[in-house]
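First the proteins, then the strands, lettered A, B, ... as listed; each starts at 1.
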Number of protein chains: 2
Amino acid sequence: MLSLKHLPVSSFNENLAYLHKDCVAYKVDDINALTKIEIHGGVKTVYAFLQVVDDAKLVKPTEIALNNEAFEQINLPEGANISISLSTPPPSLASVKRKIAGNILSSGEYSSIINDITARRYSNMDIASFLVASGSFMSAPEVLALTEALVGDNVFHWDNEGIVVDHHCLGGVPGNKTDIIITAIVGAYGLPMPKTSARSLTSCAGVADTMSVLANVDLDDRTFRSLVKENRAAIACYDGLNIAEASKLISSVERQIGLIQQEHIASSILAIKLAAGVTHLLIDIPVGPKSRIKSTNEAMRLRKLIEYVGDMLSMEIDVVITDGSEPIGNGVGAVLEARDVMKVLRNKEDAPQDLLEKSLFLAGRLLEFDPKLRGGQGYHVAKEILTSGRALEVMNRIIHAQGKAPQPQLGHLTRDIISNVSGVVEAIDNSRINKIGVWAGAGQYPGAGLDLLKKVGDPVEQGETLYRIHSCNSTDFAFANSVVDGYTGYEISGRQSNY
Amino acid sequence: MLSLKHLPVSSFNENLAYLHKDCVAYKVDDINALTKIEIHGGVKTVYAFLQVVDDAKLVKPTEIALNNEAFEQINLPEGANISISLSTPPPSLASVKRKIAGNILSSGEYSSIINDITARRYSNMDIASFLVASGSFMSAPEVLALTEALVGDNVFHWDNEGIVVDHHCLGGVPGNKTDIIITAIVGAYGLPMPKTSARSLTSCAGVADTMSVLANVDLDDRTFRSLVKENRAAIACYDGLNIAEASKLISSVERQIGLIQQEHIASSILAIKLAAGVTHLLIDIPVGPKSRIKSTNEAMRLRKLIEYVGDMLSMEIDVVITDGSEPIGNGVGAVLEARDVMKVLRNKEDAPQDLLEKSLFLAGRLLEFDPKLRGGQGYHVAKEILTSGRALEVMNRIIHAQGKAPQPQLGHLTRDIISNVSGVVEAIDNSRINKIGVWAGAGQYPGAGLDLLKKVGDPVEQGETLYRIHSCNSTDFAFANSVVDGYTGYEISGRQSNY
């Protein structure tokens, strides 16, 4: 038996167990192959990767130390009696190997894989293997099976609500924060909208990042559900909710290995929405040469897949393919995007028109899930709700209910990117703009990002500012500066604007 | 700037860097996406995965702590000035993604991937992605490109030796330790044989494990090379040699995710032998229904692949396909296998005949790489060297030169597995025998394993012992006992031996 100790180390979703090299309960110095152990003592077996320590101040030979992730799972006090054993590989890894060999897996196999991932029986390497193996090819029924498995056991039920809506954008377009505006409009209309959203993955700001500039988004299940019941809408960061756990672990690996497959995204999104009790879902697929989805063909294929899975799981889905050729709105990065969102909700004259129009279009489509609304009316109803100030009112109510956030400062280190020619903005490279924003610190620092002063079609004089970089610290600022000179992301044609 | 600290934690080939959550040089509490950092201060940039610590006793906000792997690489004293930056993904990951998408990669791409792995720019997850992506399909030129890349820069040259030989068995057959006997015979004949060998991956004992029962196998490059020059032969554990570093990292991930593809094995083996300066290589592919290679077809495909890569890299290769239908020798596990090997070398009457014959056959093939030897003579020359005691003499010289090992005890916890019928041993299931051995602790404890008292064709009386389990501790012993009852791995037919 070993005595439990907590080593306050956060390892980004991986369970680690530390044993002294002279551990009394297990001879660890010979271990070079199987490094995963089972830890017994709590209600459930906890699986962890072994780290061998040569310092009794960290871990005594009579102790086992667990990192934050594993310690939280075992849910026992320090000093508790713990026994360990070598872990055999989870049987579902055989299915992963079948997938590597090019086979189609059954829904039972997907269910076993996801159960083992949820139980933390998969290392991050194992998850990566599964993702890569299923990344090259998945049949539609496989995507369905994966989605069902990801939904899991904990599903929110919304009592007597016949329609529970949400919206999700497949992303890749900088600045595109229609979600928050849509939520306010739809909530004001009266349809329940339990909006779950993500932190930035590899972009400048996720919806949760932008919303967290305005309000607390780290809500637990109970708070989230009661706020939706009270106000018809709430916006929570998905990470804090106790739903679709495997999906979080998979996303964490996806962002770490930088492999993001559309099939996985589709099943992950649908699973999260299903777990949140959403019955009617609007999905926005922006298409652009420098967006995540590059062609209408690709978008159509994805739309068919999403529709198939949605139909099979009795979810009403409306997929719209939108223009993703340039950033939406002016701000890129949480603080700047929140500014744009509030300008739209406040009906400011200088609110970005593209963000306004896209939000109304999408909110309109969402409202039309309501059978009482005639086809084509959604947009006008949405516009009335926005211009009347009712959307702003709901937004303020949501912010108040979730808790107003101490608003972070906009990055004080700035640089204006100047046009060296006169002409018209011909194109803005989404992927480059996103990269420059990330280099400047966006995604990590809410106040970092880019403020786009010119959009496609705008006339530009030589010497005018195209956009402004904001950074929060000198390292990021220097890095963004050193790379932006190569290519600003803007293409300016020499012709006149009135040509 | 941060102050360097060493946290004596061994993480099985992964570099970890520990920062305090209030680190003065980097705001870590927002990091949820990119978790890999670059550590500057030493001669080379060191890449490491970030772990966030909430205990100033472990790491102060002004410090950066590195685990054993990373600390060894940065090669600076504690207290040294260190700066860090977020690491961008290595560019060669784009090639991994191309492989995931089903493309054929160029030799330049393999070279970049392997260079980045060697520089520790790949996380274990990244390596797993690469292995899985290339696991489903690799063209022969790709295997060649991977092999060339794995050889790396550090190659042993053996001065004026025209022929430098080695032998490698693709494994999967319990007990099969011909390698050590062959090395003694070939060394006694006079051909230089720098035998590099592995520790057990997922089997009961690798060649290095068995040899380390007899002698020290952890030799550095210089010692290994000078011993081969002096004695014509030495047996070193490949892990300790400074060659084909990427191959070690890849093997470590392979054993952890349990994915071992023949194409990877082939390129890894050939790369290690090429790096060791071997010019003539004998490869043994045992085939059996319960071996790693199950059919002659599969073995032939692998043989063609190995021959192609060998030809292109100007290595003389002789591939033999042998009978892998049952264990070779009686002992399974390092101590028991070393016993069998020494019985053969000592010409003992009770030496396992199958091990003896196979060793002579393979040693004969190796000797025939010598152009002075006429075809067909190899076996007889090998036999003369063995029976005259010259092989034993060379073996003793090798043991003495490398340093005699303190021989580990055979596991004292034993159980005899008894036949419940009379008849003849019809078949022995290699895969089951290997598993039972691993469960009993073999692979981790040299003294654990199985002693096979009956082989295929042997008559058995009801109540006679088929094999004996040896374990070194009660946990392993209990586990092996609990699973062996289901299926012993022996099939016994009811017919008489003289039928």
- [ ] State which residues pass side chain to side chain contact (heavy atoms under 4.5 Å, CB included) with B:Lys248; sequence neighbours excluded, sorted by chain then number.
- [x]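 Side chain to side chain contact (heavy atoms under 4.5 Å, CB included) list for B:Lys248, sorted by chain: B:Tyr238, B:Asp239, B:Glu245.
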TODO: Could you check which of B:Ile127, B:Leu93, B:Leu58, B:Thr475 has the highest count of heavy-atom pairs closer than 4.5 Å to chain A?
DONE: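 Maximum pair count with chain A is reached by B:Leu58.
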Open item on the list: Looking only at heavy atoms and a cut-off of under 4.5 Å, which of B:Val132, B:Asp55, B:Asp126 has the most pairs with chain A?
Closed with: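 Looking at each of B:Val132, B:Asp55, B:Asp126 in turn, B:Val132 comes out on top.
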Which atoms of [X] approach chain A - backbone, side chain, both or neither, heavy atom under 4.5 Å:
X	answer
B:Leu131	neither
B:Ala133	both
B:Tyr18	side chain
B:Phe49	side chain
B:Glu14	neither

First locate atom [atom1] of [X], then atom [atom2] of [Y], and finally report the distance between them rounded to the nearest 0.5 Å.
X	Y	atom1	atom2	value
B:Ser10	A:Leu19	OG	CG	11.5 Å
A:Ser134	B:Ile100	OG	CD1	10.0 Å
B:Met125	A:Ile257	CE	CD1	7.0 Å

Got more than 12 heavy atoms from elsewhere within 6.0 Å of [atom1], [X]?
X	atom1	result
A:Lys5	NZ	yes
A:Glu298	CD	yes
A:Glu78	CD	yes
A:Glu72	CD	no

Open item on the list: Under a 4.5 Å cutoff for heavy-atom pairs, which residue among A:Ala128, A:Ser123, A:Ser129 has the most contacts with chain B?
Closed with: A:Ser129
Task: Interface residue of largest heavy-atom contact number with chain B, from A:Leu7, A:Asp476, A:Val9, under 4.5 Å - done: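 Highest number of pairs under 4.5 Å: A:Val9.
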Task: Qualifying salt bridge (charged side-chain N to carboxylate O under 4.0 Å, His left out) pairs with a residue from residues 84-101 of chain A, counting only residues at least two apart or across chains - done: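 Residue pairs with at least one partner in residues 84-101 of chain A: A:Arg98-A:Glu109, A:Lys99-A:Glu142.
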Open item on the list: Can you tell me which portion of A:Ser11 sits under 4.5 Å from chain B's heavy atoms? Options are side chain, backbone, both or neither.
Closed with: both
